[in-house]
Amino acid sequence: MAFLTTSNPSVAERQFSIDKNEITIGRDVNNDLHINDETVSRSHAKITKKNGKFYLEDNNSRNGTLLNNQSVLQPTLLPDQSEIQICEVTFIFSDGKVSRGSGNLEQFTVAKGIGHDPTSSSSAINQSSVMFDEFEESGDVSASVMSQLDIPSHHSRSDNHAKPEQKLRALTKITHALSESVERDEVLTKILDFLFQLFTEADRGFIVLKNDEGKLEPLGFKTRGARTDEMVRISKTIVKTVMENKHPIISSDAAMDDRFDMSQSIVDFRIRSIMCAPLINSKDEAIGVIQLDTLKQSIAFDNEDLETLVTVAMQASLAIQKSDLFLDFKRAQSIRADLELAHELQQRFLPQSSPDTEEFEFFSFYRPMQQVGGDYYDFVPLENNRIAIIMADVVGHGIAAALYMAKISAESRFALATSKTAVEAVHKMNNSLSGLNIDRFVTLALCVLDLNTNKMTIVNAGHMPPILQKSATGEITQLAIEESGLPLGIMEDFEYESIEVQIDPGDQIVLYTDGINEAMNADGEQLTTEAMIEDMASGQAKSPDAIGNLIRESVARHSGRHPAIDDMCLVCLGRQP
């Protein structure tokens with residue numbers, strides 16, 4: 001029976017059996033295969049079976065369907081072990097056929113609890129050095145002998161060559177066992193254990209896989225009767241041949257096989273009969289090999305054995321890919337948890353409430369593009385009945401910008417506490433950040449509101465100019481444009497300027513980061529500051545809350561479903577009429 005395999009948590013069934021001629025896939029719970037992901041269309045795709053073959057079809061979904069990284073534009077044949085991508089969910093398709101070489105035997109399932117063959121001799125975990133001949137310039141590479149199996153030294157092929165029905169039972173067991181295994185070490189151990197049940201004439205077996213750097217590593221090894229101090233050596237010549245050609249090989253006497261050019265390593269290792277099969281992923285790339293060999297000249301593998309090994313290799317490739325997907329999933333879960341914690345911590349850096357004053361009202365809005373961002377705002381109470389309003393924007397976004405934002409939070413409060421003027425505070429912040437020698441700058445607008453005089457002092461360090469709306473005339477102006485200096489962190493000892501404005505009853509001031517005015521729609525058009533001013537000039541909003549919500553609605557209306565391209569931060573304050 002054919003099936004789809006995935007490790008994505010959006011799908012309840014990790015292995016879904018295709019038990020009828022058509023299955024539907026989508027977000028709607030009425031689909032045969034339900035994906036709990038908002039990016040997936042309600043009726044996204046379907047798989048149909050015709051004349052014994054399976055076809056994938058996209059149902060005009062919003063985000064499309066990929067088959068082996070190619071868009072599905074019409075009903076497309078599904079090859080075995082192909083990769084289906086539906087938004088963030090990846091499936092591996094298996095047509096369920098055990099053997100490609102003869103008979104196309106259907107896959108069977110058995111009960112859980114597969115372990116070592118009870119008829120086999122005892123096994124134990126031991127350590128052994130493993131060396132790849134000429135694989136690494138540095139010489140030795142070590143791995144574990146996952147298990148060893150002692151058998152009488154006088155065994156013969158006729159006594160130990162598994163019968164077809166025994167191989168079929170073992171293949172059934174390995175198919176079922178690997179479908180339930182997700183940890184790579186467990187997968188490799190089971191593969192080798194079952195191979196030694198299948199091939200009782202094998203003296204050694206190993207699995208080699210490419211690591212993240214593309215280098216080959218022996219990750220699993222199993223021997224019969226090996227000593228704990230035995231040096232196990234693997235021929236580079238054989239593995240290289242299989243990896244490059246992506247075809248299995250069999251040899252009754254490797255030491256005499258001209259395909260290996262009389263490799264001295266093969267002679268030295270006493271390798272006689274060998275079988276080696278490639279492990280091929282869904283992208284048709286060789287990711288490693290499985291090899292079995294014998295050290296006895298009287299025993300030789302045959303073509304039937306090679307077909308069986310290839311079948312196991314196909315199942316092993318699927319299981320290894322699944323274990324890698326599971327590992328990626330666990331890593332993503334860990335990163336997601338860390339980001340959620342970082343998001344929570346970053347929110348603690350931001351004001352938890354607005355200043356409580358009799359004459360002034362405040363509105364604030366903060367939305368990072370990702371879970372954490374580089375925008376920052378703060379309300380800092382100062383001596384002599386003053387309040388500092390800070391608006392800052394770290395260049396870039398994400399984790400690096402968020403870390404820098406935390407630094408700015410500490411620096412700004414320290415500078416304000418130790419400075420007599422707003423200009424002096426910005427000067428201290430700039431020198432401190434410039435001294436870090438980090439290739440990252442910060443735009444900042446510092447507004448110090450004197451509640452005694454209702455005057456505001458503004459210092460602009462390369463930030464978006466604050467917007468002032470006068471209640472008496474309705475006039476709207478952008479403040480501190482000519483006085484704007486360099487962003488923080490670019491040049492030490494830069495001289496900043498300040499301006500002072502009177503805040504009359506009913507006047508409103510808007511501070512914002514460029515994620516607001518540069519919010520983009522699907523056509524690549526920005527909202528612009530001019531559009532924000534036009535909304536304010538309409539006279540619909542006359543309080544900080546009303547103006548803040550008016551601008552938020554304008555951003556949402558302009559952007560539509562287009563994702564945010566930057567963090568957004570908005571602070572509005574106004575004097576009561």
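Other residues, nucleotides and ligands contribute only 12 or fewer heavy atoms inside 6.0 Å of the CD atom of Glu88.
At least one side-chain heavy atom of Ile320 sits less than 4.5 Å from a side-chain heavy atom of Leu209. Side-chain contact between Lys428 and Ser419: present, with at least one pair of heavy atoms (C-beta onward) separated by less than 4.5 Å. At a threshold of 4.5 Å between non-hydrogen side-chain atoms, the residues Ile389 and Leu511 count as touching. Residues Asp535 and Ile533 are not in side-chain contact: their nearest non-hydrogen atoms beyond the backbone lie 4.5 Å or more apart. The shortest distance between side-chain heavy atoms of Ser71 and Thr65 does not fall below 4.5 Å. The side-chain heavy atoms of Leu219 and Val208, taken from C-beta on, include no pair separated by under 4.5 Å. Contact of the Arg552 side chain with the Phe363 side chain is registered, since non-hydrogen atoms from C-beta on lie closer than 4.5 Å. Counting heavy atoms from C-beta outward, Asn521 and Gln526 have side chains that stay 4.5 Å or more apart.
Ser554 places no side-chain N or O within 3.5 Å of a backbone atom of Leu550 that could act as its donor or acceptor partner. Side chain of Asn68 to backbone of Glu83: a donor-acceptor contact under 3.5 angstrom is found. A donor-acceptor contact shorter than 3.5 Å is absent between the side chain of Glu217 and the backbone of Lys210. The backbone N or O of Gly214 sits less than 3.5 Å from a side-chain atom of Asn211, completing a donor-acceptor pair. Under the 3.5 Å distance criterion, the side-chain polar atoms of Thr529 are left unmatched by any main-chain donor or acceptor of Asn517. Between the side chain of Glu483 and the main chain of Val459, no donor-acceptor pair closer than 3.5 Å is present. Between the side chain of Arg27 and the main chain of Val40, a donor-acceptor pair closer than 3.5 Å is present. When atom types are taken as modelled, the side chain of Glu411 and the backbone of Lys407 share no donor-acceptor pair closer than 3.5 angstrom. Within the 3.5 Å criterion, the main-chain N or O of Val555 finds a donor-acceptor partner in the side chain of Ser559. Although no hydrogens or angles enter the test, the distance criterion places a donor-acceptor pair under 3.5 Å between the side chain of Asn549 and the main chain of Asp545.
Going from atom OG of Ser94 over to atom CD of Gln315 covers 6.0 Å, rounded to the nearest 0.5 Å. In this structure, OH in Tyr377 is found 10.5 Å from CZ in Phe365, a value given to the nearest 0.5 Å. Rounded to the nearest 0.5 Å, atoms CD (Gln478) and CG (Asn460) are 10.5 Å apart. Rounded to the nearest 0.5 Å, atoms OH (Tyr366) and CG (Leu350) are 5.5 Å apart. Residue Glu518 holds its CD atom at 14.5 Å from CD of Glu525, rounded to the nearest 0.5 Å. Rounded to the nearest 0.5 angstrom, Ser432 OG and Glu492 CD are separated by 9.5 Å.
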Does the side chain to side chain donor-acceptor pair (under 3.5 Å) test come out yes or no for Asn8 and Ser10, once each step is laid out? CA-CA 5 Å; Asn8 193 292; Ser10 300; 2.9 Å; yes

How far apart are the C-alpha atoms of Val510 and Ile547, what are their side-chain angles, what is the distance that settles it, and do they pass the side chain to side chain contact (heavy atoms under 4.5 Å, CB included) test? CA-CA 8 Å; Val510 175; Ile547 291 176; 3.8 Å; yes

Would Lys20 and Asp32 satisfy salt bridge (Lys or Arg N to Asp or Glu O under 4.0 Å), going step by step from the backbone distance to the final call? CA-CA 10 Å; Lys20 55 184 181 179; Asp32 299 312; 2.9 Å; yes

Yes or no on ring pair (Phe, Tyr, Trp, His ring centres under 6.0 Å) for Tyr496 and Phe494, after CA distance, side-chain angles and deciding distance? CA-CA 6 Å; Tyr496 291 94; Phe494 182 84; 4.8 Å; yes

Ile280 and Glu285: side chain to side chain contact (heavy atoms under 4.5 Å, CB included), yes or no, with the steps? CA-CA 5 Å; Ile280 308 296; Glu285 299 169 338; over 6 Å; no

Evaluation steps, side chain to side chain donor-acceptor pair (under 3.5 Å), between Ser61 and Asp58: CA-CA 6 Å; Ser61 63; Asp58 182 80; 2.7 Å; yes

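Partners of Asp378 according to the side-chain contact (heavy atoms from CB on, under 4.5 Å) rule, which considers only residues two or more places apart in sequence or in another chain, are Pro351, Tyr376, Val380, Ile390, Arg413.
Side-chain contact of Asn452 with Asn384: a donor-acceptor pair under 3.5 Å is absent, judged by distance alone. One side chain, Thr39 or Asp37, offers a donor N or O that lies under 3.5 Å from an acceptor on the other. Judged purely by distance below 3.5 Å, without hydrogens or angles, the side chains of Ser282 and Gln81 never pair a donor atom with an acceptor atom.
Between Met568 and Ala519 the shortest heavy-atom distance is CE-CB, 4.4 Å. Between Ala522 and His562, the closest heavy-atom pair is CA-CD2, 3.7 Å. For the residue pair Ala537 and Ile476, the shortest heavy atom distance occurs at N-CD1, 3.6 Å. Of all non-hydrogen atoms in Lys542 and Ala546, the two that sit nearest each other are N-CB, 4.1 Å. Smallest separation of non-hydrogen atoms from Thr453 and Gln502: O-NE2, 3.2 Å. Shown here for Ser471 and Pro505, the closest heavy-atom pair between the two residues is CB-O, 3.5 Å.
Between Lys53 and Asp95 there is no salt bridge, since no side-chain N of the basic residue sits under 4.0 Å from a carboxylate O of the acidic one. Using a 4.0 Å cut-off between charged nitrogen and carboxylate oxygen, Glu553 and Arg557 do not count as a salt-bridge pair. Asp507 has a carboxylate O that lies under 4.0 Å from a charged side-chain N of Lys470, or vice versa, which qualifies the two as a salt bridge. Electrostatic pairing of Arg367 and Asp567 does not count as a salt bridge here, judged by no charged N lying under 4.0 Å from a carboxylate O.
Aromatic ring centroids of Phe3 and Phe16 lie 6.0 Å or more apart.
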